[in-house]
*Asks:* 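One structure, as structure tokens, below. Some questions next.
None of these values were measured; they are calculated from a predicted model.
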Amino acid sequence: MLGEFGIIQRYFAEQGPSRGDVRVGIGDDAAVVRVPEGMDLALAVDTLVAGVHFPRDTTPEAIGHKALAVNLSDMAAMGAEPVWATLSLSLPEEDPAFLKGFSRGLLGLAGRFGIALVGGDTVRGPLTITVQISGLVPRDGALLRSGARIGDRIYVSGTLGDAGAGLALALRQTAWDDRRGDALRHRLDRPEPRVGLGILLRGLATAAIDVSDGLRSDLGHILAASGVGARVEVDTLPRSQALRAFLPEQGQLELALGAGDDYELCFTVAAGEEARLMAAAAEAGVAVTCVGEIERDVGLRLVRSDGSPFSTERTGFDHFQQS
């Protein structure tokens with residue numbers, strides 16, 4: 001048995017990428033990092049609980065990937081470059097197979113983005129993972145939820161609803177014997193944070209948020225912070241071929257609007273900036289789709305392409321309002 005400090009040393013301290021701006025990393029009472037002149041520090045933290053944020057049959061490597069990816073998505077929504085992370089890991093028991101897979105998933109993603117794991121804690125308890133991430137953004141240059149203006153166009157990255165369908169498959173709420181089901185489950189287990197796109201949206205997007213609790217809910221946060229309303233044309237919501245094959249149209253649209261865990265970006269851009277946005281999206285290698293417009297009257301209006309209202313009771317995920 002390795003014990004707490006042996007686990008930290010074997011699976012985390014010796015495996016992760018390093019950075020020159022880390023003065024003191026894993027092994028001391030606190031990490032010491034150097035923030036460059038002219039930069040603001042963006043901080044975010046997320047906790048994942050087994051059976052709540054990921055199905056219990058999720059592989060250890062996927063859990064490690066997702067634990068960091070959801071934080072990276074927050075950095076993307078702020079237009080920040082992620083640089084340092086800390087990890088708090090609660091484990092029911094010392095499990096070498098789990099630790100090997102988990103650290104491979106987490107540190108593999110950290111390596112892709114050049115993030116140094118600089119500290120944390122390991123304890124015995126229910127399987128729970130908390131990651132805090134730090135990012136850098138030019139002084140006063142962070143993307144916020146509060147900048148949307150009347151007439152701005154509303155965009156989303158990637159496709160929506162896949163993770164919600166993947167969760168239905170994982171929980172066996174429905175059966176589907178097709179390899180496209182693997183693609184939906186992959187979107188649930190291994191979200192792809194849009195960090196590159198977020199950085200390119202600096203100075204272009206007027207407001208931004210990541211879609212973690214469902215588009216309807218998360219766009220609502222932008223509207224509330226900006227003091228505006230919006231119209232979304234639901235027929236334009238980008239949906240994957242796998243989702244289109246999985247559900248009838250009404251079900252697709254309900255998941256695209258209300259299912260969480262997609263970790264795409266929702267953002268607003270001034271009218272007339274489409275060419276500049278499309279160039280940025282092409283550089284990031286991410287598709288973006290215009291789904292609506294910011295309006296004066298508060299509230300969110302969901303309409304079909306013919307202007308008729310679209311009705312759904314699904315509003316988005318909330319930890320304290322779920323049955």
*Asks:* Would the distance check show the side chain of Asp235 and the main-chain N or O of Ser305 forming a donor-acceptor pair, the cut-off being under 3.5 Å?
*Replies:*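 Side chain of Asp235 to backbone of Ser305, a donor-acceptor pair under 3.5 Å: yes, one is there.
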*Asks:* The criterion is side-chain contact (heavy atoms from CB on, under 4.5 Å); which residues satisfy it with Arg244, sequence neighbours excluded?
*Replies:*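 Listed in chain order: Arg239, Gln241, Gln252.
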*Asks:* Begin from the C-alpha positions of Arg185 and Asp162 and carry the test salt bridge (Lys or Arg N to Asp or Glu O under 4.0 Å) through to its verdict.
*Replies:* CA-CA 8 Å; Arg185 178 66 192 261; Asp162 292 333; over 6 Å; no
*Asks:* Where do Leu204 and Ala280 come nearest, in terms of heavy atoms and distance?
*Replies:* CD2-CB, 4.4 Å
*Asks:* Would you call Ile209 and Leu219 a side-chain contact if the rule is heavy atoms closer than 4.5 Å?
*Replies:* no
*Asks:* Ring pair (Phe, Tyr, Trp, His ring centres under 6.0 Å) with Tyr263: which residues, sequence neighbours excluded?
*Replies:* none
*Asks:* Can you name the closest pair of heavy atoms from Leu184 and Ser240 and give their distance?
*Replies:* CD2-OG, 4.4 Å
*Asks:* How far does CG of Leu68 sit from CG of Asp46, to the nearest 0.5 angstrom?
*Replies:*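 The CG atom of Leu68 sits 10.5 Å away from the CG atom of Asp46.
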*Asks:* Tell me the closest heavy-atom pair linking Gly79 and Leu143, and the distance in Å.
*Replies:*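 Shortest heavy-atom separation between Gly79 and Leu143 comes out as N-CD1, 3.9 Å.
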*Asks:* Is there a salt bridge (Lys or Arg N to Asp or Glu O under 4.0 Å) between Lys100 and Glu61 once you walk through the steps?
*Replies:* CA-CA 8 Å; Lys100 183 177 181 180; Glu61 189 166 347; over 6 Å; no
*Asks:* Shared ILVMFWY cluster between Leu109 and Phe98, side chains joined below 4.5 angstrom?
*Replies:* yes
*Asks:* Any side-chain heavy atom of Arg194 within less than 4.5 Å of one from Ser73?
*Replies:* no
*Asks:* Salt-bridge test for Arg301 and Glu233: reply yes if a basic N is under 4.0 Å from a carboxylate O, no otherwise.
*Replies:* no
*Asks:* For salt bridge (Lys or Arg N to Asp or Glu O under 4.0 Å), just list the numbers for Asp40 and Arg139, CA-CA rounded to whole Å, side-chain angles, deciding distance to a tenth of an Å, and then say yes or no.
*Replies:* CA-CA 5 Å; Asp40 285 338; Arg139 185 73 49 81; 3.1 Å; yes
*Asks:* Would you check, one step at a time, whether the test salt bridge (Lys or Arg N to Asp or Glu O under 4.0 Å) holds for Arg112 with Glu192?
*Replies:* CA-CA 11 Å; Arg112 279 179 51 196; Glu192 182 60 30; 2.5 Å; yes
*Asks:* Do Ile63 and Phe113 sit in the same hydrophobic cluster, where Ile, Leu, Val, Met, Phe, Trp and Tyr count as joined when their side-chain heavy atoms come under 4.5 Å apart?
*Replies:*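 Same hydrophobic cluster.
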*Asks:* Rounded at 0.5 Å granularity, tell me how far OG in Ser212 sits from CG in Leu215.
*Replies:* 11.0 Å
*Asks:* With a 4.5 Å heavy-atom cut-off, do Ile133 and Thr86 have their side chains touching?
*Replies:* no
*Asks:* Indicate yes or no for a side-chain donor-acceptor contact from Asp152 to the backbone of Arg149 under 3.5 Å, with no hydrogens or angles considered.
*Replies:* yes
*Asks:* Is the closest side-chain heavy-atom distance between Leu253 and Arg304 below 4.5 Å?
*Replies:*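 A side-chain contact under 4.5 Å exists here.
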*Asks:* Between His65 and Leu106, is a side chain to side chain contact (heavy atoms under 4.5 Å, CB included) present by the stated rule, with each step listed?
*Replies:* CA-CA 5 Å; His65 173 101; Leu106 185 141; over 6 Å; no
*Asks:* So, using ring pair (Phe, Tyr, Trp, His ring centres under 6.0 Å) as the criterion, who are the partners of Tyr155 when residues are at least two apart?
*Replies:* Phe267
*Asks:* What distance do Asp74 atom CG and Met78 atom CE have between them, rounded to the nearest 0.5 Å?
*Replies:* 9.0 Å
*Asks:* Does a side-chain N-to-carboxylate-O contact under 4.0 Å join Glu94 and Arg124?
*Replies:*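 Looking at Glu94 and Arg124, the cut-off is not met.
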*Asks:* Please report the interatomic distance SG(Cys266) to CD1(Ile222), rounded to the nearest 0.5 Å.
*Replies:*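 So the SG of Cys266 and the CD1 of Ile222 are separated by 4.5 Å.
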*Asks:* Are Val232 and Leu300 close enough that some pair of their side-chain heavy atoms sits under 4.5 Å apart?
*Replies:*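 They are in contact (side-chain heavy atoms under 4.5 Å apart), so the answer is yes.
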*Asks:* For Ala42 and Ala80, work out which heavy atoms get closest and say how close.
*Replies:*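 Closest pair (atom of Ala42, atom of Ala80, distance): CB-CB, 4.0 Å.
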*Asks:* Assess, by modelled atom type and distance only, whether the side chains of Thr128 and Ser90 contain a donor and an acceptor separated by less than 3.5 Å.
*Replies:* no
*Asks:* Testing the basics here: between Pro55 and Leu167, what is the closest heavy-atom pair and its distance to 0.1 Å?
*Replies:* CG-CD1, 4.1 Å
*Asks:* Does one hydrophobic cluster hold both Val286 and Val70, with members joined at side-chain heavy-atom distances below 4.5 Å?
*Replies:* no
*Asks:* Roughly how far, to the nearest 0.5 Å, is the CZ atom of Arg187 from the CG atom of Asp262?
*Replies:* 5.5 Å
*Asks:* Side chains of Ser226 and Ser146: is there a donor and an acceptor less than 3.5 Å apart?
*Replies:* no
*Asks:* If only atom types and distance count, is the side chain of Asn71 paired as donor or acceptor with the main-chain N or O of Ala67 below 3.5 Å?
*Replies:*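 Indeed, once roles are kept as given, a pair shorter than 3.5 Å links the two residues.
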*Asks:* Count the heavy atoms belonging to other residues, nucleotides or ligands that lie under 6.0 Å from CZ of Arg23, then report whether that count exceeds 12.
*Replies:*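 Not buried by this count: 12 neighbours or fewer within 6.0 Å.
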*Asks:* Could you measure the distance from the CG atom of Leu43 to the CD atom of Gln132? Nearest 0.5 Å is fine.
*Replies:*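 Between atom CG of Leu43 and atom CD of Gln132 there are 5.5 Å.
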*Asks:* May I ask you to check whether over 12 heavy atoms, not counting those of Gln250, lie within 6.0 Å of atom CD?
*Replies:*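 Check passes, neighbour count above 12.
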*Asks:* Do Leu41 and Leu136 come within less than 4.5 Å of each other through their side chains, counting heavy atoms only?
*Replies:*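 Leu41 vs Leu136: side chains touch.
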*Asks:* Would you name the heavy atoms of Ala85 and Val131 that are closest together and state the gap between them?
*Replies:* CB-CG1, 4.4 Å
*Asks:* Side-chain contact test, heavy atoms from C-beta onward, threshold under 4.5 Å: evaluate it for Arg216 versus Leu302 and give yes or no.
*Replies:*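 The answer is yes, as the side chains (C-beta and beyond) meet within the 4.5 Å cut-off.
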*Asks:* Is Leu277 close to Leu201 at the side-chain level, that is, under 4.5 Å between some pair of heavy atoms?
*Replies:*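 Yes, close enough: below the 4.5 Å cut-off.
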*Asks:* Do any N or O atoms from the side chain of Thr206 and from the backbone of Thr268 form a donor-acceptor pair under 3.5 angstrom?
*Replies:* yes
